[in-house]
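These numbers come from the heavy atoms of this one structure, side chains and all, not from hydrogens, waters or symmetry mates.
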Amino acid sequence: MYRMRNMLGTRGHIPVLFMVVLFSFVYCPVRATVSYDGKGFIINGVRRILISGSIHYPRSSPEMWPDLLQKAKDGGLDVIQTYVFWNGHEPSPGKYNFEGRYDLVKFIKLVQQAGLFVHLRIGPYICAEWNFGGFPVWLKYIPGMEFRTDNQPFKEAMQGFVELIVDLLKLEKLFEPQGGPIIMSQIENEFGPVEWEIGDPGKAYTKWMTQMAIGLNTGVPWIMCKQEDAPDPIIDTCNGFYCENFHPNKPYKPKMFTEVWTGWYTQFGGPVPRRPAEDLAFAVTRFVQNNGSFFNYYMYHGGTNFGRTGAGLFVATSYDYDAPLDEYGLVNEPKYGHLSGLHRAIKLAEPALVSSYPIVTWPGKNQEVHVFRSETGACAAFLSNYDPQFSAKVTFLNLQYDLPPWSISILPDCKNVVYNTATVRSPSLQTNMIPVGSGFSWQSYTEEIASSDDSDTVAAADGMWEQINVTRDSSDYLWYMTEVNIAPDEEFLRNGKDPVVTVMSAGHALHIFINSELSGTRATTLLRPRFSCLPSCLKFSGRVIGTVYGGLAFPKLTYSNSVKLRAGINKISLLSVAVGLPNVGLHFEKWNAGVLGPVSLSGLNEGTRDLTNQTWFYKVGMKGELLSLNTVTGSSSVEWEDGPLLASKQPLTWYKATFDAPEGNDPLALDMSSMGKGEIWVNGEGVGRHWPGYTAQGSCSSECNYAGTYNQKKCQVNCGQPSQRWYHVPRSWLKSSGNFLVVFEEWGGDPDRISMVRRTNN
Ligand code: GAL
């Protein structure tokens with residue numbers, strides 16, 4: 001009946017202990033203030049069960065950080081985990097940004113002030129539903145670049161950034177042996193599946209990055225998540241909804257759950273996923289009772305993808321994640337309270353948990369008992385019922401305990417139940433979005449539709465250009481413009497059978513204008529199924545990332561529809577929109593976006609005319625972007641309309657208004673439900689992309705049974721509604737009066753119904 005033996009017992013453990021001792025000499029070059037063994041981390045001589053939560057500093061405002069961190073501390077966390085966001089810190093080569101939301105040093109110091117440690121995931125590939133997985137787009141254009149493999153240009157760039165970050169943090173004395181809060185770091189992110197795909201170059205890259213990371217002498221351990229072959233002394237760790245059966249690749253490494261997914265992210269066009277608090281607590285407890293000694297909630301506070309930081313495909317601006325702290329920084333109950341209770345119970349059990357391996361018995365079907373007993377007499381027990389339907393009675397040390405379905409009770413003294421994962425005592429709070437103020441007084445400016453004879457086109461060329469290569473991601477938008485000559489004897493001019501234009505694009509969205517009139521719009525179909533997919537779908541690491549198109553993997557889009565053409569010259573303007581660059585997959589250097597062709601016109605006397613290789617003209621971005629209409633100064637460069645002339649339901653329209661900050665301290669948001677798609681700014685700061693015109697397709701459930709294995713599609717809400725209606729405006733961006741709000745609307749919307757709301761929960 002024994003699964004594991006007490007680590008301090010005699011049988012079979014001498015080699016392990018010997019290796020631990022030997023090992024600690026090898027990997028701790030500074031002072032062994034943070035070390036580990038198979039039981040967990042030892043910080044300044046104290047063995048710990050570490051409770052961690054992800055808060056990504058650029059996903060909230062610096063003014064929100066102290067409160068978020070205090071709530072994390074109050075919620076029972078020991079550690080804050082964050083990625084480091086390379087493309088935020090180095091927007092162009094050698095030009096660094098460590099200010100505002102990217103003030104990494106300030107964030108880490110605030111974590112320390114709150115009495116918490118830091119787990120720093122440097123990456124610098126970070127995934128994270130963040131634009132291009134955190135990579136600066138300029139990397140793609142370094143000659144010879146191949147991402148995340150044994151490639152010299154990539155390795156040089158990666159090492160340069162990792163060293164920069166480590167040096168900066170050392171200078172600020174932020175690593176634990178220097179008296180700082182950073183107790184561990186991560187190199188790469190979930191590289192295992194990539195290595196498995198690419199083979200030897202992947203293995204060589206792993207070896208290289210291991211040596212590179214260790215050579216930085218941070219004095220704290222490194223981890224690699226989802227990488228079974230992580231070389232010593234790097235610890236391999238688990239990410240997922242559940243990780244109880246995970247084992248690190250060596251017995252002398254601690255068992256770590258670096259991403260316990262507290263919910264899931266929302267995509268424009270998809271429903272909003274929720275994860276029940278009971279199941280989340282169950283997953284964590286199941287991990288801890290199986291000797292888990294570090295777990296991290298991904299996310300503890302998800303926050304917001306401000307500006308254009310959200311990734312493709314169509315990751316929403318809200319990164320709420322159904323995390324214990326909601327997007328606005330308010331407690332998400334009952335999740336926050338229920339987990340706080342779990343953390344208290346784990347702390348009570350900690351003396352026993354850190355000093356012994358569990359002894360496991362199976363008192364009945366679907367039942368397990370895990371007992372931790374230290375040599376000094378501490379005893380903690382976990383009583384589990386894995387049955388998703390029926391409750392169970394378990395007898396333990398002559399006492400009987402009732403267990404609800406799919407639940408675990410924690411007995412920190414092996415006698416009294418202080419916590420059951422399915423017994424929620426925290427009240428649910430109702431969240432409200434309460435309108436404030438009396439609406440906005442708008443002015444509008446509608447852009448002219450770009451066309452081939454504009455004087456400010458970027459270039460003309462025969463054939464179609466790849467979008468990101470032209471825009472370098474400076475804008476979501478690229479115009480492709482050409483002309484077609486229609487002879488007066490075309491049959492369709494008489495029989496009314498309009499010709500059909502067909503455009504093949506690598507995505508992500510497309511508007512077609514014929515002679516300056518919007519003729520049609522199309523977005524890449526959101527490939528939502530993550531676990532099942534059409535044969536042509538390309539899956540990576542369990543995630544659908546696109547379809548195979550032209551030999552490469554990217555989200556494709558085909559537009560095919562009739563168009564109104566007249567005799568003579570007709571202007572065709574295609575506005576291609578890249579809605580965030582993908583954050584996951586292989587060969588980032590090969591990803592494409594935009595209209596790669598073919599583009600054709602069928603239904604002519606000659607049959608089909610191929611337009612792909614004729615002359616196309618290009619223009620990057622919207623005119624309003626070039627003029628910085630999102631700023632007060634920039635906005636004075638055009639004439640704005642208002643009153644009866646205010647544009648409504650017009651594509652490519654800019655709106656501006658000024659407003660006073662609503663009173664009080666409640667978090668604020670803009671209700672954008674009357675709008676289609678575009679971008680929002682307040683006082684020049686990017687609130688994010690809005691796309692309420694994309695309603696949530698998928699299956700939702702009004703009831704969500706916490707019991708049974710969870711996946712992100714199990715408890716979705718919001719079907720048929722805009723995937724995201726409200727857009728967070730951090731309070732700290734506002735002055736008391738005269739705030740400048742700008743909305744760029746791509747499709748056409750009714751600005752008069754935009755309103756400011758305050759978020760409360762009670
Ligand atoms: C993980 C990844 C995270 C995040 C998460 C989904 O696999 O490491 O960065 O993308 O998936 O939210």
Side-chain angles (χ1 to χ4, degrees), residues 269 446-454 462-465 467 477-526 536 547 549-550 555-579 593-619 647 649-653 676-678 691 693-695 697 745-749:
T446 302
E447 294 214 359
E448 277 165 34
I449 308 306
S451 73
S452 46
D453 52 11
D454 289 353
D462 291 343
M464 324 278 329
W465 282 352
Q467 179 159 349
Y477 304 103
L478 179 65
W479 287 99
Y480 294 74
M481 299 160 290
T482 196
E483 294 175 358
V484 286
N485 195 358
I486 296 297
D489 64 351
E490 282 289 349
E491 278 294 305
F492 79 84
L493 294 171
R494 269 167 291 281
N495 68 17
K497 282 196 184 156
D498 290 328
V500 169
V501 70
T502 302
V503 181
M504 305 289 275
S505 163
H508 311 151
L510 186 71
H511 304 288
I512 298 198
F513 298 87
I514 306 288
N515 297 322
S516 300
E517 293 291 327
L518 182 61
S519 172
T521 279
R522 182 82 210 264
T524 302
T525 311
L526 195 56
S536 65
T547 50
Y549 179 60
K556 82 169 183 181
L557 177 171
T558 304
Y559 178 91
S560 195
N561 218 340
S562 59
V563 283
K564 292 273 174 226
L565 297 177
R566 57 190 179 217
I569 299 288
N570 291 265
K571 293 184 189 311
I572 300 186
S573 302
L574 309 177
L575 180 60
S576 177
V577 193
V579 194
V595 187
L596 298 180
V599 179
S600 62
L601 194 58
S602 58
L604 304 176
N605 292 354
E606 69 202 80
T608 299
R609 195 184 293 176
D610 189 352
L611 310 181
T612 318
N613 295 316
Q614 65 179 50
T615 305
W616 288 85
F617 296 84
Y618 294 88
K619 200 193 275 198
K649 309 252 162 68
Q650 285 288 314
L652 309 194
T653 299
K677 176 180 185 305
W691 199 347
Y694 209 167
T695 48
Q697 315 292 310
E745 174 57 41
E746 214 175 290
W747 289 10

Going by the rule side-chain hydrogen bond (donor to acceptor under 3.5 Å, both in side chains), which residues pair with Q650 if we only count those two or more places apart in sequence or in a different chain?
none
Are the side chains of L565 and F492 in contact, using a 4.5 Å heavy-atom criterion?
yes
Mind checking side-chain hydrogen bond (donor to acceptor under 3.5 Å, both in side chains) for K619 and listing every partner two or more places apart, or none if nothing turns up?
D454, D456
For the CD1 atom of I514 and the OG atom of S451, what is their distance to the nearest 0.5 Å?
12.0 Å
Between W691 and K677, is there a cation-pi geometry (under 6.0 Å to ring centre, at most 45° from the normal)?
yes
Verify side chain to side chain contact (heavy atoms under 4.5 Å, CB included) between E483 and N570, making sure each step is shown before the conclusion.
CA-CA 6 Å; E483 294 175 358; N570 291 265; over 6 Å; no
Results of side chain to side chain contact (heavy atoms under 4.5 Å, CB included) for T482 - residues two or more places apart only:
I572, Q614, W616
Between Y559 and T521, is there a donor-acceptor pair closer than 3.5 Å when you use the side chain of the first and the backbone of the second?
no
Here the gap from S576 atom OG to L510 atom CG, rounded to the nearest 0.5 Å, amounts to 6.0 Å
Under a 4.5 Å cut-off applied to non-hydrogen side-chain atoms, are L574 and L478 in contact?
no
Non-hydrogen atoms of V599 and T612 that approach each other most closely:
N-OG1, 3.0 Å
Return the set of residues passing side chain to side chain contact (heavy atoms under 4.5 Å, CB included) with N485 (not counting sequence neighbours), or none when no residue passes.
I569
Quick one: do the N613 and D462 side chains pair a donor with an acceptor below 3.5 Å?
no
Is it true that a side-chain atom of R522 and a backbone atom of T558 form a donor plus acceptor pair closer than 3.5 Å?
yes
For A593 and H508, which heavy atoms make the closest approach, and how far apart are they?
CB-NE2, 4.2 Å
Test your reading of the model: is there a side-chain donor-acceptor pair from N495 to the backbone of L493, 3.5 Å cut-off?
no
Taken to the nearest 0.5 Å, the spacing of S600 OG from M504 CE works out to 9.0 Å
Mind checking what makes side-chain hydrogen bond (donor to acceptor under 3.5 Å, both in side chains) contact with Y477, not counting sequence neighbours?
E746
Could you tell me which residues satisfy ring-ring contact (aromatic ring centres under 6.0 Å, His included) with F513, sequence neighbours excluded, listed by chain and number?
W479
Interatomic distance, Q467 atom CD to L596 atom CG [nearest 0.5 angstrom]
9.5 Å
Side-chain donor-acceptor pair under 3.5 Å between T695 and Q697, yes or no?
yes
Taking only residues two or more places apart in sequence, or in another chain, which ones meet D453 in a salt bridge (charged side-chain N to carboxylate O under 4.0 Å, His left out)?
K571
Sequence-distant partners of S573, side-chain hydrogen bond (donor to acceptor under 3.5 Å, both in side chains), two or more places apart
none
Sequence neighbours excluded, which residues qualify as salt bridge (charged side-chain N to carboxylate O under 4.0 Å, His left out) partners of E448?
none
How would you list, by chain and number, every residue that makes a salt bridge (charged side-chain N to carboxylate O under 4.0 Å, His left out) with R609, sequence neighbours excluded?
E606
Just verifying a value: how many Å separate L575 CG and I449 CD1, rounded to the nearest 0.5 Å?
8.5 Å
Restricting to salt bridge (charged side-chain N to carboxylate O under 4.0 Å, His left out), what partner residues turn up for K564, sequence neighbours left out?
D498
With rounding to the nearest 0.5 Å, note down the distance linking OG in S505 to OH in Y480.
7.0 Å
Specify the closest pair of heavy atoms between A567 and P488, including all atoms of both residues, with the distance to one decimal.
CB-CA, 4.0 Å
Under 3.5 Å: donor-acceptor pair, side chain of R494, backbone of D489
yes
Under a 4.5 Å cut-off applied to non-hydrogen side-chain atoms, are N561 and V563 in contact?
no
When you measure from the side chain of E745 to the backbone of G748, do you find a donor-acceptor pair of N or O atoms at a distance under 3.5 Å?
yes
Begin from the C-alpha positions of T653 and T446 and carry the test side chain to side chain donor-acceptor pair (under 3.5 Å) through to its verdict.
CA-CA 4 Å; T653 299; T446 302; 3.1 Å; yes
So V503 and I512, do their side chains get closer than 4.5 Å, heavy atoms only?
yes
Quick one, T608 with S602, criterion side chain to side chain donor-acceptor pair (under 3.5 Å). Give me CA distance, side-chain angles, the key distance, then yes/no.
CA-CA 4 Å; T608 299; S602 58; 4.6 Å; no
What is the minimum heavy-atom distance between T502 and S560, and which atoms define it?
OG1-OG, 3.0 Å
For F617, the ring-ring contact (aromatic ring centres under 6.0 Å, His included) test, sequence neighbours excluded, returns none
